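Just so you know, these numbers use all the heavy atoms, side chains as well, and skip hydrogens, waters and symmetry mates. In this text, all values refer to a predicted model and were calculated from it rather than measured experimentally.
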Amino acid sequence: MIKEKLSLVPNEPGCYLMKNKDNIIIYVGKAKKLKNRLSSYFHGTHTGKTAKLVSEIADFEYMVVTSETESLILELNLIKKYDPKYNILLRDDKSYPYIELTNESVPRLAIVRNVNRKKKNHNRMYGPYPNVSAARNTVNLLNRIYPLRKCKTFNKKPCLYYHIGECLGYCSNEFDLVKVKEMENEIIKFLKGDDKIVTDKLKKEMELESEKLHYEKAKELKELLDYITITLAKQKVEIQDKIDRDVFGYFVDKGYISIQVFFIRGGKIVERHSKIFPLIDDETETLVEYIAKFYEKDILLPREILVPEIVDSSLLSDFLGINVIVPQKGVKLKIVNMANDNAKIAINEKFELIKKDEERTIDANETLRKILKLDKLDRIEIFDNSNLFGTFNVSGMVVFVNGKPSKNDYRKFKISLDKNDDYGTMKEVIYRRYFRVLKDKLIRPDLIIVDGGIGQINVAREVLNSLNINIPVIGLKKDDKHTTKALLANTPIEEVEIDKKSNLFYLLERMQDEVHNFTINYHKQLRSKGSLESIIDNIEGIGSKRKEELLKKYKTINQLKKLNTEELEKILPKKVSERLYEFLQNY
């Protein structure tokens, strides 16, 4: 079927969608010539992730467009829509802090991450900064030198900043707008990379304080100067125009692509970004797609982007709406080559770590798939339950995709059944989760792992059968040291031994730890919100009169926890006091 479809594909620009046997889209790509690109997947030999992708392809679709720009836009929209398994490798989860100089009559300095939510104020964003600490240190430095407004709203009277000289008291005093504008301009110059005005100001102030014999103050100013010269004076480059530009470099080796990005601001490299992931598609298409996606998440577009010669600069210029250049000679080419060299160094340094991480996650996940004889094992949902003597009954669900946690998919469940009933809890949480999966047409997992043994597995399977959902359910058997000993799987249920030195064992242990910690943290959150009154209600043998007497004498949980059983027996019968004491010690 695929061979016949390939013969009909035109050699026009467009996008293609690869599907697995369940008709799920697992990869989206684009090409200048669709026929050539699609044929390349089904002819010749492939290695690494490309071979894995090809092994799962059961069918494909394609869409012809009129230009490469249209195909790039369509590709990114399709990736957003379908979130294909193999395109996830191109996701970039890194975001950087920026410093915003607010656009107000008396501006403030603020640290922001979600820069794309502030589209009207992009021209007053400066950065990116290596991390929040670097941005915070810069803001603190400028706030000490320039007495700008610190509060988000004007207070009715001056605050502490006014009294220590870091604010002019704009909320209650008249102020000179010309002076405010002057401070604003100097701050902007500094944030754009020109630190001369600030350093000159600090030097002059330091000399004055020294002449007045204020040596402690002079020492503080000296430390600020050192901070600017050492921390803020980043690696200078030879371009003198001070245009904001980003530089992309790449290197391909052993089936992986390494991408390096330099952020150049004010003639200095203020930050660099590195990404290494398996190469599935053509390296040219991969690099173009990566650059196009790079600016979707909280990275501001610069005035100019420099790219290697394999990149179609005109395509990216049309798509991003800014100047994208492939340098041919001179300083700009030298900087692109430097980015390429750094990409090569990064992959050489990190390759062994990347391979080990794959063995611990993806390879271990594949081993589990083979043991359970599943056609595919992309998504696993793991459940755990927690309660305290039947109270604050909760469940947690964590999700692993291709052997790695997918934290955005984690879910918490507050169980309505308020008693110690593991089977009832399991029945409720499985029903609630997978009824929702059916109702909202959510992604179904390929495997469910439940907390507990054969009983919990059977309860979960019964609920899934009642919903007419066919998803394998397994459990994990633990030894006397509470570590995973075997899988409880198959029908009828049997034990499948796990080698404790294997990567699969470590993956299962990680899954158990992750779901347990997630659920326990939720349980603690609920307990911390629980009032003393509601806690007493959970103790058998405490009626309204005894409850009233306890609340009258002891106002907080901590006061009650300090009591021993003899002290509690002054109000409660012996068995009830022991029951309350045990509850409180475990609370």
Side-chain angles (χ1 to χ4, degrees), residues 93 361 364-365 368 377-440 442-464 467 469 471-478 482-484 487-489 505-530 534-535 538 583 586-587:
D93 53 4
T361 55
N365 194 75
L368 182 60
L377 185 56
D378 299 337
R379 182 184 176 99
I380 302 173
E381 295 184 353
I382 310 109
F383 294 86
D384 190 22
N385 305 322
S386 180
N387 68 72
L388 182 64
F389 299 106
T391 62
F392 304 106
N393 210 353
V394 300
S395 284
M397 180 193 83
V398 304
V399 178
F400 275 63
V401 176
N402 297 317
K404 295 186 178 182
S406 179
K407 292 185 182 290
N408 288 339
D409 294 322
Y410 288 12
R411 294 292 180 268
K412 303 169 183 174
F413 300 87
K414 188 174 180 181
I415 303 302
S416 60
L417 193 71
D418 209 16
K419 64 178 182 177
N420 195 355
D421 181 357
D422 287 340
Y423 294 161
T425 298
M426 184 60 63
K427 185 175 182 179
E428 179 177 332
V429 72
I430 295 295
Y431 180 83
R432 283 169 58 184
R433 170 60 185 167
Y434 297 103
F435 178 79
R436 178 77 183 274
V437 167
L438 280 177
K439 180 174 172 285
D440 296 343
L442 303 177
I443 298 172
R444 295 188 186 189
D446 302 303
L447 178 69
I448 297 168
I449 300 178
V450 298
D451 171 45
I454 294 173
Q456 280 87 345
I457 295 170
N458 285 330
V459 166
R461 288 178 177 179
E462 285 171 13
V463 173
L464 292 171
L467 292 170
I469 297 178
I471 302 172
V473 181
I474 67 167
L476 299 175
K477 185 173 183 178
K478 299 170 186 175
H482 211 68
T483 58
T484 303
L487 295 173
L488 296 172
F505 172 79
Y506 292 116
L507 176 62
L508 293 172
E509 284 284 289
R510 186 184 178 192
M511 288 177 174
Q512 279 190 304
D513 289 343
E514 187 76 8
V515 70
H516 179 72
N517 292 336
F518 180 70
T519 308
I520 287 294
N521 285 336
Y522 179 46
H523 185 241
K524 286 179 179 177
Q525 286 173 17
L526 285 185
R527 280 164 50 189
S528 67
K529 294 175 182 177
S534 64
I535 286 168
N538 291 309
F583 184 96
N586 288 280
Y587 184 78

Q: Applying side-chain contact (heavy atoms from CB on, under 4.5 Å), run through L476 and L487 and close with a yes or a no.
A: CA-CA 5 Å; L476 299 175; L487 295 173; 3.3 Å; yes
Q) Can you name the one residue among D409, L447, N402 that meets side-chain contact (heavy atoms from CB on, under 4.5 Å) with R379? A) D409
Q) If you measure from CE on M397 to CZ on R433, what distance do you get to the nearest 0.5 Å? A) 3.5 Å
Q) Considering all heavy atoms of both residues, which atom of M511 and which atom of V398 are nearest to each other, and what is their separation? A) O-CG2, 4.5 Å
(Q) The criterion is salt bridge (charged side-chain N to carboxylate O under 4.0 Å, His left out); which residues satisfy it with K477, sequence neighbours excluded? (A) E495
Taking distance alone, no hydrogens or angles, what donor-acceptor pairs closer than 3.5 Å link side-chain atoms of residues 452-459 to residues at least two apart or in another chain?
| unit_1 | atom_1 | unit_2 | atom_2 | d |
| --- | --- | --- | --- | --- |
| Q456 | OE1 | G453 | N | 3.2 |
| N458 | ND2 | I454 | O | 3.3 |

Q) Looking at I474 and A489, what are the two nearest heavy atoms and their distance? A) CG2-CB, 3.6 Å
Q. To the nearest 0.5 Å, what is the distance between CG (N365) and NZ (K404)?
A. 11.0 Å
Q. Can you name the residues that form a salt bridge (charged side-chain N to carboxylate O under 4.0 Å, His left out) with K439, not counting sequence neighbours?
A. none
Q) How long is the span from the CD1 atom in I430 to the CD1 atom in I471, to the nearest 0.5 Å? A) 9.0 Å
Q: Could you grab the distance from atom NZ of K407 to atom CZ of F400, nearest 0.5 Å is fine?
A: 7.5 Å
Q: From the options N385, D384, T425, select the one residue that forms a side chain to side chain donor-acceptor pair (under 3.5 Å) with S395.
A: N385
Q: Under the salt bridge (charged side-chain N to carboxylate O under 4.0 Å, His left out) rule, collect the residues that match up with D513, sequence neighbours excluded.
A: none
Q. Passes side-chain contact (heavy atoms from CB on, under 4.5 Å), V515 versus I449? Steps please.
A. CA-CA 10 Å; V515 70; I449 300 178; over 6 Å; no
Q: Classify the ring geometry between Y434 and F383 as parallel (under 30°), tilted (30 to 60°) or perpendicular (over 60°).
A: perpendicular
Q | Distance in Å, I443 CD1 paired with D378 CG, rounded so as to fall on 0.5 Å steps | A | 10.0 Å
Q. From T519 OG1 over to K412 NZ, what is the distance, rounded to the nearest 0.5 angstrom?
A. 10.0 Å
(Q) If the condition is side chain to side chain contact (heavy atoms under 4.5 Å, CB included), which residues does Y431 pass it with, not counting sequence neighbours? (A) F435, V463, L467
Q. Are R444 and E381 close enough for a salt bridge, meaning some N to O gap below 4.0 Å?
A. no
Q: With sequence neighbours excluded, tell me which residues meet salt bridge (charged side-chain N to carboxylate O under 4.0 Å, His left out) with R432.
A: E428
Q) Is a donor on one side and an acceptor on the other found under 3.5 Å between the side chain of N521 and the backbone of N517? A) yes
